[in-house]
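The structure under discussion appears below in the form of structure tokens.
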Protein chains: 2
Amino acid sequence: MSGRDDLIAQIMETQREMQHHFANDPANPLFTLHLTLPQLKTLLLLSAHGSIAGQELSAAMGVSLATMTGMVDRLVAQGLVTRHEDPHDRRVRRIELSGPGRDLIDRFVTAGAEKMRRILDRLSDDDLRTVAHCHALLVNAVVNDPEPPTSGCVGFGVPSA
Amino acid sequence: MSGRDDLIAQIMETQREMQHHFANDPANPLFTLHLTLPQLKTLLLLSAHGSIAGQELSAAMGVSLATMTGMVDRLVAQGLVTRHEDPHDRRVRRIELSGPGRDLIDRFVTAGAEKMRRILDRLSDDDLRTVAHCHALLVNAVVNDPEPPTSGCVGFGVPSA
DNA sequence: ACTAACAGTTCGTATGTAGCGAAGTATTCT
DNA sequence: AGAATACTTCGCTACATACGAACTGTTAGT
């Protein structure tokens, strides 16, 4: 095993440790979320796609159009999504996150930010620069990852720098 | 605004960008999970506590004991948790994650690890050392955070590094 | 203009889960 | 022995997901 492999293994292990630490935190929003998993999946899909047609959304969710209608009805009722007629084809309904829906997903996805900020506040100037440098190089690599995102497993074991 | 504040704001923003990137990934396990949110909450609680008594678990979940019995029944039926009589008090049932339950939670919490590994594989030796150093200092800060974990919001916007 | 295809909604049906309180059973404590 | 405790079962309610069939409105093709 090379030094590189050791370093990578070490990084992966510390990453894993941190992820578990956060997942187990009672402040994890999963502990207070008042949605069902299919609803959360829907909101995440909308977050990824922006505006999407009903047909596409039901296909992406893997359910029938009739089921999707009911689900969107309930999300609309909660004010988390909006539904509009497509300007180019009046048969089509375009669905997207509402402001509150976007806020909820953002808070959910970026959970832990306050704790992270607190930790950054306590770093020395040098360490802070190291972290900033590290983040900069990793965000570039993550966002520009040439592999199709089907090969990895993602979730709120969301790795970051 | 000081240079430190700028650095911190920059880190938080790149962090947020990465977290959204991963959350939107179709490989996010939230898109394929066949559990309900209360079930997932239960599993995460068990992950945090190890072995826990039925009464404690129902209190932590904020539901009645009768409800918790049903929920644990269904998780036992899925092979994700085990239930045993407490050796010190035969009235008490101790519940804990089974092997498969532990695997599922680990995979869930550390989702994205494969993509992360791929990215690390492509870093230069110098950059890899930077990331390792950064991880080392942050994991220490995260795990030893003196603040009670009630003040922050956590989830799979799980910051790392 | 007419017809077929398409997108979405409504309706009826089925299933599963969460949630409760009351009653029952087994165990522990006084 | 009796009271308190921990859990389970039962009966009930509510909600959400999921489906296919039928329906309505719109678009595209002839």
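Throughout, protein chains are lettered first and strands after them, A, B, ... in sequence-line order, and every chain is numbered starting at 1.
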Euclidean distance, atom [atom1] of residue [X] to atom [atom2] of [N] [Å, nearest integer]:
X     : N      : atom1 : atom2 : answer
A/E85 : D/dT27 : CD    : C1'   : 13 Å
B/L37 : C/dG19 : CG    : C1'   : 16 Å
B/H88 : C/dT27 : NE2   : P     : 17 Å
A/E56 : C/dG8  : CD    : C1'   : 14 Å
B/L75 : D/dT8  : CG    : P     : 13 Å
B/D73 : C/dG16 : CG    : P     : 15 Å
B/R93 : D/dC7  : CZ    : P     : 7 Å
B/M68 : D/dT9  : CE    : P     : 15 Å

Does some side-chain heavy atom of A/Q78 sit less than 4.5 Å from a side-chain heavy atom of A/H34? no
Do B/L45 and B/H49 come within less than 4.5 Å of each other through their side chains, counting heavy atoms only? yes
So A/R16 and B/T110, side chain to side chain donor-acceptor pair (under 3.5 Å) or not? Walk me through it. CA-CA 6 Å; A/R16 184 173 167 282; B/T110 59; 5.4 Å; no
What pairs of donor and acceptor atoms, side-chain ones from residues 69-77 of chain B against any protein atom, are under 3.5 angstrom apart with sequence neighbours left out?
from: B/T69; atom 1: OG1; to: B/L65; atom 2: O; distance (Å): 3.0
from: B/D73; atom 1: OD1; to: B/R83; atom 2: NH1; distance (Å): 3.4
from: B/D73; atom 1: OD1; to: B/R83; atom 2: NH2; distance (Å): 2.5

Measuring from the side chain of A/V92 (C-beta onward, heavy atoms only), which nucleotide among C/dA7, D/dT5, D/dT27 has the closest atom? C/dA7
On DNA chain D, compare the nucleotides closest to A/R91 and B/R94; which residue's is nearer the 5' end? B/R94
Nearest heavy-atom pair of B/G50 and B/E96: which atoms, and what distance? O-CB, 3.5 Å
Regarding A/N140 and A/N144, do their side chains bring together a donor and an acceptor under 3.5 Å, going by distance alone? yes
Under 4.5 Å between side-chain heavy atoms, hopping through other hydrophobics if needed: is there a path connecting B/V92 to B/V81? no
Summarise protein proximity over nucleotides 15-21 of chain D in one line of letters, 5' to 3': B for base, S for sugar-phosphate only, - for none, counting protein heavy atoms closer than 4.0 Å. -SBBBB-
Comparing A/Q55 and B/R90 on DNA chain C - which has the more 5′ nearest nucleotide: A/Q55
